[in-house]
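Since the structure comes first, as structure tokens, the remarks are kept for the end.
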Amino acid sequence: MARRFATHERREVAALDGIWDFAFLGDADPDSIAVDRIAFDDVMAVPGCFDATPAYAGKRGLAAYRIRVHVESGVQRLVFDGVQHWCRAFWNGERIQEHAGGFSRFTAETEADAGTAEIVVLVDNRFDERSPLHMEHFDWYAYGGLSRSVELHRLGPVRIDGLRVATESVADRRVSVRIDYSAGTATQVPLEIECDGRTVLTEPVDLQTSGSLERILELPWAAPWSPAEPNLGILTVRLGDDDLRERFGLREIGTENARITVNGEPLTLMGVNRHEAHPQFGHTQPEALLVNDVQQLQDLGCNFVRGSHYPLDPLFLDLCDEAGILVWCESIGWQYPVEHLTDPGFIEAQVAHIDEMVAASQNHPSIILWGILNECPSWSEAGRPVYATLLGRLRELDDSRPVTYAAINAHDDKCFDLVDVVAANTYPGWYFGDLPDIPGELDRISARVDALGLGDKPLIISEIGAGAVPGHVDQLGSLWTEDYQSRLLDTVIGHLLDGQDRISGLAIWVLGDFRTTEQRDFLLRRPRGVNDKGLIDEYRRPKLAYRTVQGHFRGEHGRRDQA
Ligand code: ADA
């Protein structure tokens with residue numbers, strides 16, 4: 001997959017991105033498909049979303065993708081960076097993997113003889129019980145397809161399955177490294193770790209059939225990562241004949257006096273939410289689009305972006321690491337009903353998805369917050385155990401970052417005590433009240449959090465905004481005009497800059513316009529079928545509010561002024 005560094009030097013890796021054979025099978029039941037008899041009558045780009053192309057626009061159903069590859073004998077690992085949103089993978093007709101849930105990396109393995117192999121992936125974008133994480137009422141269009149890159153890795157008997165690099169101490173330039181491995185049998189192999197071209201460790205290690213190796217490394221030359229100085233290091237691990245490279249940043253995230261800190265420096269987060277969507281590419285994020293988006297985040301003066309509402313493209317995270325943009329990364333969720341949240345199958349799927357999110361993204365220094373379950377029933381007693389379970393899982397996997405969720409109604413919320421950072425979505429001046437009500441609403445949220453005895457926790461307004469149909473103006477500056485959106489955001493940011501310092505983070509809803517669900521009640525509230533609360537439209541053209549926000553963010557809260 002397109003990354004900003006090579007992830008392997010020794011391991012044989014083939015990028016399978018390109019044009020695959022394609023067939024749209026529509027309403028078919030995947031269990032009834034004879035994979036060797038599919039009539040592949042079309043082609044499709046990988047990565048890509050078939051239902052964002054003109055020929056299959058808006059289609060829901062089963063689709064089949066096929067590619068033929070030449071392989072040497074041995075264990076083959078397919079690495080999928082994201083498939084929307086259910087799939088079943090076949091290797092020469094044999095089923096090797098099934099996966100539900102888009103936006104997260106998973107793998108499929110098989111042992112193969114040398115020769116040409118045929119890989120077929122059945123992909124389904126329908127909403128049903130096979131995909132408990134995806135629901136039709138979400139306020140975004142759930143595009144289908146092999147939406148992110150696919151790679152084929154050839155593995156030897158000893159394989160590195162995962163690598164975690166975590167800062168132990170910035171002052172002492174110390175990191176901990178955990179290498180997850182598997183080996184056919186118990187064996188002894190050399191372990192070498194190199195950082196920034198210097199060998200930092202060489203030793204023989206005894207491996208079991210699978211396990212983890214943990215080491216502490218001193219890297220006296222390494223410069224810390226911060227938003228102002230986003231210094232990055234590259235760590236190469238070689239274990240037997242396998243290897244894995246990861247990029248990391250030496251930095252510590254904390255919370256202190258109701259603020260998030262990076263390397264002990266308190267921050268005010270000023271930024272936006274961002275969806276990974278484009279009218280022509282669906283959830284696929286072409287490299288040029290990612291560069292565009294990061295440039296616009298920088299141009300706006302954002303030091304913060306919330307990846308709403310699912311795990312992010314690895315290349316976007318690479319670019320944020322380099323730009324020093326701080327990221328809130330969250331698991332998929334959007335107003336799941338209580339019954340959904342309390343279903344054990346759903347919880348199991350969320351835990352698996354969180355595990356995949358953390359495994360794929362944990363080494364990005366730009367990620368300063370893990371989040372879960374956007375706007376779900378954290379207001380209900382029934383929801384509380386789910387929040388406790390999922391936040392607990394995040395802490396278990398990674399105790400180096402604070403955890404949070406965006407609450408739909410801060411005034412009734414019942415789970416704020418479970419998080420490290422409190423976050424509230426609110427739409428004064430849009431879904432309720434008028435422009436003059438905005439300051440009072442922000443102050444009331446702050447007061448409620450303090451009244452709960454949580455005055456020491458940072459508080460982020462994780463969504464706030466207004467719809468603006470691109471180019472729409474009128475003499476009154478009424479709802480849906482660019483002018484109204486601009487005035488609303490001016491009022492919000494103006495209040496926060498005018499001494500409201502209880503709130504230490506803001507993520508405006510939203511960077512770019514994006515297509516919403518096809519559900520009729522939604523469409524009636526979303527002109528053009530688009531959620532148009534963007535500062536830019538879906539083709540990234542700035543609206544009036546872009547300049548307003550930029551004026552504020554680049555002034556007192558300019559990105560480079562932080563940390
Ligand atoms: C919610 C939700 C967003 C979006 C927004 C809106 O806050 O979290 O995903 O739907 O409302 O535009 O109404």
Side-chain angles (χ1 to χ4, degrees), residues 102-103 133-143 271-277 283 304-312 328-337 340-341 369 371-379 383 387 404-413 415 419 422-433 438 441-442 445 459-470 479-482 484-485 488-489 492 505-538 543 545 549:
F103 305 108
L133 301 178
H134 287 259
M135 298 188 80
E136 194 172 1
H137 73 263
F138 286 1
D139 184 10
W140 74 79
Y141 192 85
Y143 293 96
V272 292
N273 285 268
R274 176 178 168 277
H275 259 293
E276 297 205 328
H283 292 311
F304 177 51
V305 62
R306 174 171 172 232
S308 42
H309 303 296
Y310 36 74
L312 302 162
W328 161 332
C329 182
E330 71 188 23
S331 62
I332 190 167
W334 198 92
Q335 296 186 14
Y336 293 118
H340 211 69
L341 226 65
L369 264 175
I372 55 164
L373 300 180
N374 173 64
E375 292 198 338
C376 292
S378 49
W379 41 264
Y387 278 81
T404 191
Y405 63 85
I408 188 169
N409 183 354
H411 302 294
D412 278 343
D413 202 274
C415 298
V419 294
V422 176
N425 295 351
T426 182
Y427 285 87
W430 188 251
Y431 291 128
F432 62 93
I438 290 172
E441 172 61 8
L442 297 177
I445 292 175
L459 170 59
I460 293 178
I461 296 299
S462 36
E463 288 183 31
I464 195 162
V469 176
L479 297 185
W480 303 110
T481 60
E482 288 199 13
Y484 186 83
Q485 180 195 33
L488 185 143
L489 292 173
V492 170
L506 170 69
I508 288 168
W509 187 261
V510 56
L511 175 64
D513 289 354
F514 59 94
R515 185 173 170 199
T516 191
T517 168
E518 287 294 280
Q519 282 205 335
R520 199 175 184 85
D521 57 335
F522 249 99
L523 290 175
L524 293 173
R525 286 177 282 147
R526 301 277 184 266
R528 306 181 301 130
V530 164
N531 184 316
D532 52 16
K533 298 187 186 73
L535 301 177
I536 54 181
D537 73 6
E538 60 275 37
K543 301 184 197 170
V549 169

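By convention here, the first residue in the shown sequence is residue 1. Just so you know, ligand 1 is whichever comes first in the structure, and atom 1 is the first atom listed for that ligand. The figures that follow rest on heavy atoms only: side chains count, while hydrogens, waters and symmetry mates do not.
The ring pair (Phe, Tyr, Trp, His ring centres under 6.0 Å) check on Tyr143 picks up Tyr141, His283, with sequence neighbours excluded. For His411, there are no ring pair (Phe, Tyr, Trp, His ring centres under 6.0 Å) partners two or more places apart in sequence or in a different chain. Shown here are the side-chain contact (heavy atoms from CB on, under 4.5 Å) partners of Ala407, two or more places apart in sequence or in another chain: Ser378, Tyr405, Asp413, Phe416.
A distance of 10.0 Å separates CZ of Arg306 from CG of Leu369, quoted to the nearest 0.5 Å. Rounding to the nearest 0.5 Å gives a distance of 11.0 Å between NE2 of His275 and CG of Asp513.
Relative ring orientation between Trp430 and Tyr484 is described as tilted, the plane-to-plane angle lying within the 30° to 60° band.
At a 4.0 Å heavy-atom cut-off, the residues surrounding ligand 1 are Asp139, His309, Trp334, Asn374, Glu375, Asn425, Tyr427, Tyr431, Glu463, Trp509, Arg526, Asn531, Lys533, listed by chain and number.
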